[in-house]
Each structure stands twice: as C-alpha cells, then as structure tokens.
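Notes follow once the structure below has been shown.
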Number of protein chains: 2
Amino acid sequence: MTRPSEITRDRILKAAERLFAERGYDATSIRAIVARARVNQAAINYHFEGKEGLYREVLRTAFRGLTEDQIAHADETAGLPREEALAAFVRRQLRPLSARDETSRHMRIFNWETVRPTPVFRKLLSEEAASFMGLTTNLVHRFLPEADQRTLSVAAIWLLGQCSIFVRNREQLAGPPVSLELDETAVDWLAQLLSRWTVQGLGTGFGRA
Amino acid sequence: MTRPSEITRDRILKAAERLFAERGYDATSIRAIVARARVNQAAINYHFEGKEGLYREVLRTAFRGLTEDQIAHADETAGLPREEALAAFVRRQLRPLSARDETSRHMRIFNWETVRPTPVFRKLLSEEAASFMGLTTNLVHRFLPEADQRTLSVAAIWLLGQCSIFVRNREQLAGPPVSLELDETAVDWLAQLLSRWTVQGLGTGFGRA
DNA sequence: TACGTTTTCAAACGAGAGTTTGAAAACGGA
DNA sequence: TCCGTTTTCAAACTCTCGTTTGAAAACGTA
C-alpha cells in the first residue's frame with residue numbers, strides 16, 4: 001500500500017490505456033507497454049498478474065468512465081425536446097472524431113472489442129451494458145412510444161451503428177475513393193445531418209407499413 | 001502449369017478463405033490453414049510466397065466476387081422504384097446474417113478489415129472501391145437529387161453503417177443485455193424496419209433545416 | 001539502525017508464429 | 001524409358017510473444 005508502487009501501477013495503466021485504444025489488445029505487446037511506461041517488463045505481472053489482468057483493469061476504468069459520462073449527459077439532456085436530445089446524443093457519439101481526450105480513448109477501446117470480443121469484455125458487457133443500452137433505448141422510445149421492446153432495441157442499435165461507422169472508419173474514409181476529411185466543423189455538420197435523418201426516420205411517417 | 005499443383009493451390013485458397021472469414025488475418029495461422037487444406041506447411045510459401053501473398057489472393061477473389069454480386073444486383077433493381085431498390089439493397093447487406101454462402105464469407109472478410117486494415121487491403125480499396133461506393137451513392141441519390149457530393153457520400157456510408165452494425169455484432173447482440181436473436185424471418189423483419197427508417201430519413205421532411 | 005516485507009530488475013524460458021531448407025517424390029516431354 | 005523440372009514433404013530455423021525466476025534494491029517499522 002506504499003506510494004511508489006502506486007506510481008508504477010499508474011504509469012502502466014496510463015500507457016496501456018493509450019496503446020490498447022490505439023492498436024487493440026492483440027496488437028499491443030507487453031514490451032511496448034513497459035517501454036512507454038518506462039517500467040520493468042516484470043512489473044505488469046507483478047501488479048496485474050499478466051497482460052489479461054491489466055487489460056481487465058483498463059477495461060473496467062474505461063467502462064466506468066463511459067458510463068459516468070453517459071449518465072451525466074443523459075441528465076443534461078433529460079429536459080430537452082426529443083429532437084435536441086437526440087442531436088446531442090449523436091454529437092457525443094461522434095466525439096472521438098474531433099477530440100483525443102480520455103472519453104474518446106475509452107470509446108476507441110470499446111470499438112476494438114466489437115470485432116473480436118475478448119472473454120473479459122463479454123463478461124463485463126453482459127453484466128454492465130444494460131444501463132448503457134437503457135439510455136439509448138429511452139432516447140428512441142420518445143420517438144417510438146408504441147413500439148415493442150425488440151423494435152426499440154433495434155432502433156437503439158441502428159442509431160449507434162450510424163455513428164460508429166464514421167468513428168471506426170475515419171482513417172479509411174479520409175482516403176480514396178470517399179475522401180471524407182472530418183475536421184471539427186465537418187463533424188458538427190455530420191452530426192446535424194445524421195440527427196436530421198434519424199429524426200425523420202423514426203418520425204411517424206405516413207408511408208408504407 | 002500442371003494440373004496437380006493447381007489442386008493444391010485451390011485447396012489452400014478455399015481453406016484460407018473460410019478461416020480468414022471466420023477469424024480474421026492475424027488469428028489465422030499458417031498451420032491452421034494447411035491442416036484444413038490437408039497440404040504441407042511449405043506449400044503456402046511455395047505457391048503464394050508467404051501468408052501475406054495468400055491473403056492478397058483471397059482478398060482479390062473476395063473483392064471480385066462482391067463487385068460482381070453488387071453489379072448484378074444493381075442491374076436487377078435498376079428498374080424498381082427507389083423505395084423497393086433500397087429495400088432490396090438493405091436486405092442484401094444483411095445477407096450474412098442468414099446465409100453462409102460464398103458472398104457472406106466475402107463480406108465477413110471485409111468486415112475484419114474495417115478494424116485494422118492491412119496494407120494489402122488499403123491498396124485494393126483505394127483502387128477498386130469506387131464502383132462499390134458509386135452504386136450505393138447512386139441509390140441514395142434517388143432520394144437526395146439535389147444534394148452535393150459530400151452529402152451523398154455521407155448518406156451512402158450512413159446506409160452501410162446501419163446494416164453493418166447488425167452483421168458485425170450479430171453474436172454479441174444475441175446475448176444479454178440485448179438478446180436479439182436473428183433467424184431468417186427476423187432478418188426479413190429487420191430489413192423492412194431499416195428500409196422504412198432509411199426511406200423516411202432521406203425523404204424530404206418539412207422539419208428543421 | 002536493523003530486519004522483514006514490498007517492489008524492481010535483467011535475464012532466461014517455453015510456446016507459437018511465419019519462413020527456410022534440402023532432399024524425396026511426382027510429373028511430362030523427348 | 002530417361003531426365004530435367006515442378007511439386008511435396010518433414011524438419012529445423014528465427015523471431016516475437018507472455019511469463020517466470022531469483023537476486024538486488026527500496027521501503028517502512030520497531
């Protein structure tokens with residue numbers, strides 16, 4: 001419980017979070033982490049009982065951070081009209097495109113997991129993602145008051161999918177053939193576009209069944 | 001140019017395609033491929049000059065297959081009303097959810113690439129994805145006749161994002177907290193839902209700017 | 001200060017990856 | 001059939017990975 005050991009532990013966590021966010025679990029080596037944290041290689045096993053234990057810790061931190069972030073955000077937008085609440089939600093989902101802060105890193109770590117979920121993540125997800133999904137479901141519920149639960153779930157995922165593809169593929173989209181460069185103002189513009197389409201999409205159209 | 005060597009080559013390609021689709025490039029080992037193809041380990045280096053060369057070949061095949069598939073599909077739906085054309089497009093994008101055919105495998109291989117694109121893929125993409133994007137852009141163009149090129153690109157990606165999140169995360173969505181099981185009829189239902197929301201979303205709403 | 005505990009460190013270990021090797025086998029035209 | 005070429009094969013090589021080891025250093029308390 002002494003101080004200096006906490007410092008080492010913290011340096012490892014910080015370095016690991018950055019590298020995991022950048023490259024994902026598999027592509028991040030123990031050696032890369034200790035080089036960045038400037039600690040001895042054995043320190044990871046000493047403090048976290050291996051790479052997986054370290055990752056679990058990083059994942060937990062990211063999860064806590066994101067949940068708090070989302071809950072805080074939900075509180076802020078609770079009083080807004082549904083259209084504005086949705087627009088704010090979309091803008092927040094697109095945040096990793098324009099910011100390189102802690103929250104963006106956490107979202108990036110989760111993005112990696114959507115491809116090949118580690119067992120650690122699967123467990124965390126099934127235990128704690130309910131509140132996450134709940135917030136998004138509530139948001140779309142305001143547009144689909146009479147929909148059943150399954151439709152609401154699909155709508156929530158639909159909403160997340162629209163945002164995540166831009167976040168996940170930013171680098172590729174910047175190149176040919178799309179050449180979509182996304183600076184700060186472009187992200188604002190994109191968020192508005194997506195919000196409008198989503199609001200209209202979920203709006204009770206008079207169209208086909 | 002003799003026959004028997006072509007057989008070995010083909011067995012490797014078939015086994016590799018299946019494994020790459022299933023696990024992605026990194027998680028697929030040379031040894032797993034040769035075990036499945038029942039050929040000698042050195043055969044891959046002999047015929048393809050290494051794992052990367054083999055992957056390049058698989059990727060090319062997948063790309064050709066998908067492009068042909070999409071072009072054929074575009075021809076079929078060219079005469080349809082825009083709403084039906086879009087519905088058919090969405091249904092086709094969701095195909096890997098219900099089918100385990102060659103095309104679905106090809107789409108899966110590409111899904112892996114959207115996370116950490118291999119250099120091989122980046123090159124292929126920038127050279128040949130134009131026609132791909134073009135088809136999708138044309139589709140949304142029928143709903144947004146006056147939009148500029150950048151908006152059309154975003155709309156096309158938006159459309160792809162809505163579909164891909166369900167394809168990519170099928171397994172996770174099946175578990176808690178979402179518990180969205182997608183059998184054949186559920187996929188049809190999902191495709192209809194997504195189509196409706198998209199059509200309404202892109203439809204000229206009278207709402208906010 | 002002295003001593004038991006905690007923490008750091010350099011080095012080595014074993015498993016798994018992709019690749020290389022050189023000989024044996026199969027092939028095919030003369 | 002014979003012989004140069006193509007193709008297969010088992011084994012070994014090299015590299016990187018995560019982990020382990022055992023001693024040295026730092027620490028905190030009596």
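Chain A is the first sequence line, chain B the second, and so forth, proteins listed ahead of strands; every chain is numbered from 1.
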Filtered N/O pairs between nucleotides 18-25 of chain C and protein, under 3.5 Å:
from   : atom 1 : to    : atom 2 : distance (Å)
C:dG18 : OP1    : B:K51 : NZ     : 2.7
C:dG18 : OP2    : B:I30 : N      : 2.7
C:dG18 : N7     : B:R31 : NH1    : 2.8
C:dG18 : O6     : B:R31 : NH2    : 2.9
C:dT19 : OP2    : B:K51 : N      : 2.9
C:dT19 : O4     : B:Q41 : OE1    : 3.0

To the nearest Å, how far apart are [X] [atom1] and [N] [atom2]?
X: A:E6; N: D:dC27; atom1: CD; atom2: P; answer: 15 Å
X: A:D10; N: C:dT7; atom1: CG; atom2: P; answer: 14 Å
X: B:F48; N: D:dT8; atom1: CZ; atom2: P; answer: 11 Å
X: B:L54; N: C:dA17; atom1: CG; atom2: P; answer: 16 Å
X: A:Y46; N: C:dT5; atom1: OH; atom2: P; answer: 13 Å

Report yes if some heavy atom in the side chain of B:T151 is under 4.5 Å from a heavy atom in the side chain of B:V140; otherwise report no.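 Not in contact.
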
Is there side-chain contact between B:S98 and B:D183, with at least one heavy-atom pair below 4.5 Å?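 The answer is no, as the side chains (C-beta and beyond) never meet within the 4.5 Å cut-off.
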
In this structure, are over 12 heavy atoms from other groups packed under 6.0 Å from B:R122 atom CZ?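 Count over threshold, so yes.
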
Compare side-chain N and O positions of A:T8 against OP1 and OP2 of C:dT7 and report whether any pair is under 4.0 Å apart.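 No, no such contact exists.
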
Does D:dT8 have its OP1 or OP2 closer than 4.0 Å to a side-chain nitrogen or oxygen of B:H47?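 Answer is yes, contact under 4.0 Å.
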
Applying side chain to side chain donor-acceptor pair (under 3.5 Å) as the test, list every pair that has at least one member in residues 48-72 of chain A; sequence neighbours left out.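 Side chain to side chain donor-acceptor pair (under 3.5 Å) check on residues 48-72 of chain A returns A:Y55-A:E113, A:D69-A:R92.
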
Per-pair distances, 0.1 Å, donor-acceptor, side chain in residues 20-34 of chain A, under 3.5 Å, sequence neighbours excluded:
from  : atom 1 : to    : atom 2 : distance (Å)
A:T28 : OG1    : A:L19 : O      : 3.3
A:T28 : OG1    : A:G24 : O      : 2.7
A:S29 : OG     : A:A32 : N      : 3.1

Is A:D101 salt-bridged to A:R105, going by a charged N under 4.0 Å from an acidic O?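 Salt bridge flag = no for A:R105 with A:D101.
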
